[in-house]
Amino acid sequence: RGTGRVNLEEARAVVVEVVRRLKDPSFADDQRSLGVVTFNGEQQRLIENLLDQQRRSLPELEQFFDPARWHEPVFVKNLENVQGDERDIVIFSVAVGPDHTGRVTATVSSLNKQGGHRRLHVAITRARREMIVFASLRPEQIDLSRTKARGVRDFKHFLEYAQRGARALA
């Protein structure tokens, strides 16, 4: 976790994955769509800025961002403004992680607030076919004794599922 509620390393990894997917000929051949969801607006803007740099240097990507040229253009949105948008592939950038000392904050974006579990639900149900989770935070680093928020509890269980698959449900 860096300052300003962003995770630069994670954002860079997300952009590498977006570019890799868009450059794959099967993405266009199969008429796929892609979106990026972040926990907060700061991480959203960081990813948008990094993607803009890639778009300037790789003009072949531009069609996937243009609604006049692609059926469902790439989006980068945060928890608060993604409702109603779906894509075949969604990349979820958590941004929250341990700081340089290894300490994890008990506050996980807006999940601590009333209804935080609904915000999480909106974010993780945007993918039609595939969701890829980018996180520096591991589920075992979330201490549920430090919060009563249902959103944080659900997020921990979501990360367990993302990490271990169906085995985590048992």
Side-chain angles (χ1 to χ4, degrees), residues 1-100 104-105 107-111 113 116 118-139 141 151 154-155 158-159 161-163:
R1 185 182 79 200
T3 59
R5 296 174 34 143
V6 297
N7 186 321
L8 180 59
E9 288 183 45
E10 186 177 296
R12 286 179 177 150
V14 165
V15 170
V16 166
E17 181 65 14
V18 168
V19 170
R20 185 189 73 75
R21 297 271 180 153
L22 297 179
K23 288 175 78 174
D24 184 339
S26 68
F27 185 86
D29 292 345
D30 295 341
Q31 294 286 300
R32 294 288 166 108
S33 61
L34 186 143
V36 178
V37 177
T38 69
F39 257 144
N40 62 54
E42 293 86 354
Q43 186 78 356
Q44 173 191 350
R45 284 184 288 287
L46 176 58
I47 291 171
E48 287 171 335
N49 290 339
L50 294 173
L51 264 177
D52 286 346
Q53 291 172 5
Q54 290 297 308
R55 289 167 64 184
R56 283 191 291 278
S57 64
L58 300 166
E60 67 271 19
L61 301 180
E62 197 56 36
Q63 70 170 336
F64 301 112
F65 293 84
D66 182 354
R69 296 169 51 199
W70 198 248
H71 66 291
E72 289 183 317
V74 173
F75 70 68
V76 181
K77 296 192 174 191
N78 65 59
L79 234 61
E80 304 300 326
N81 63 15
V82 72
Q83 188 156 350
D85 289 307
E86 292 182 337
R87 293 296 185 265
D88 296 321
I89 302 161
V90 169
I91 297 174
F92 187 27
S93 176
V94 171
V96 176
D99 63 17
H100 66 282
V104 177
T105 179
T107 304
V108 182
S109 184
S110 56
L111 298 183
K113 297 177 184 171
R118 288 191 288 276
R119 288 181 179 89
L120 176 65
H121 182 264
V122 166
I124 64 175
T125 58
R126 302 299 92 201
R128 291 188 199 110
R129 302 176 57 99
E130 179 181 6
M131 175 172 272
I132 306 145
V133 179
F134 281 76
S136 303
L137 181 65
R138 294 183 315 274
Q141 292 175 297
D154 291 354
F155 177 59
F158 168 73
L159 285 179
Y161 178 76
Q163 184 178 39

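Treat the numbers as computed from the prediction; the structure is a model and nothing was measured.
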Just to verify, what does [X] make a side-chain contact (heavy atoms from CB on, under 4.5 Å) with, not counting sequence neighbours?
{"X": "A162", "answer": "V133"}
{"X": "A123", "answer": "V37, L79, F92"}
{"X": "D66", "answer": "A68, R69"}

**OP:** Would you mind telling me which of V76, V15, V82, V90 makes a side chain to side chain contact (heavy atoms under 4.5 Å, CB included) with V36?
**Re:**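 The single option meeting the side chain to side chain contact (heavy atoms under 4.5 Å, CB included) with V36 is V76.
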Original post:
Just one of L34, V14, I89 clears the side chain to side chain contact (heavy atoms under 4.5 Å, CB included) bar with I132, so which one?
Top reply: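 So the option named by the test is I89.
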Subject >> Close side-chain approach of K23 and L61, heavy atoms under 4.5 Å >> reply: yes
Subject >> Side chain to side chain, R118 and V122, heavy atoms closer than 4.5 Å >> reply: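 Not touching, per the 4.5 Å side-chain cut-off.
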Is a side-chain N or O of [X] found less than 3.5 angstrom from the main chain of [Y], in a donor-acceptor match?
{"X": "R87", "Y": "P73", "value": "yes"}
{"X": "E62", "Y": "P59", "value": "no"}
{"X": "Q43", "Y": "N7", "value": "yes"}

Original post:
If we ignore angles and hydrogens, is there a donor and acceptor under 3.5 Å between the side chains of E72 and S33?
Top reply: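 On atom types as modelled, these side chains qualify, holding a pair under 3.5 Å.
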[X]: what forms a salt bridge (Lys or Arg N to Asp or Glu O under 4.0 Å) with it, not counting sequence neighbours?
{"X": "D24", "result": "none"}
{"X": "E86", "result": "R128"}
{"X": "R20", "result": "E17"}

Report the residues that fulfil side chain to side chain donor-acceptor pair (under 3.5 Å) with [X], sequence neighbours left out, ordered by chain and then residue number.
{"X": "E10", "result": "S93"}
{"X": "Q53", "result": "none"}
{"X": "Q54", "result": "none"}
{"X": "R126", "result": "none"}

**OP:** Could you pull out the closest heavy-atom pair between Q31 and W70, with the gap in Å?
**Re:**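 What the structure gives for the nearest pair is NE2-CH2, 3.6 Å.
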Original post:
Counting only heavy atoms not in E130, do more than 12 sit closer than 6.0 Å to its CD atom?
Top reply: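 Result for CD/E130: enclosed.
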**OP:** Applying ring pair (Phe, Tyr, Trp, His ring centres under 6.0 Å), name anything that partners F27, two or more places apart in sequence or on another chain.
**Re:**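 F27 satisfies ring pair (Phe, Tyr, Trp, His ring centres under 6.0 Å) with F64 only.
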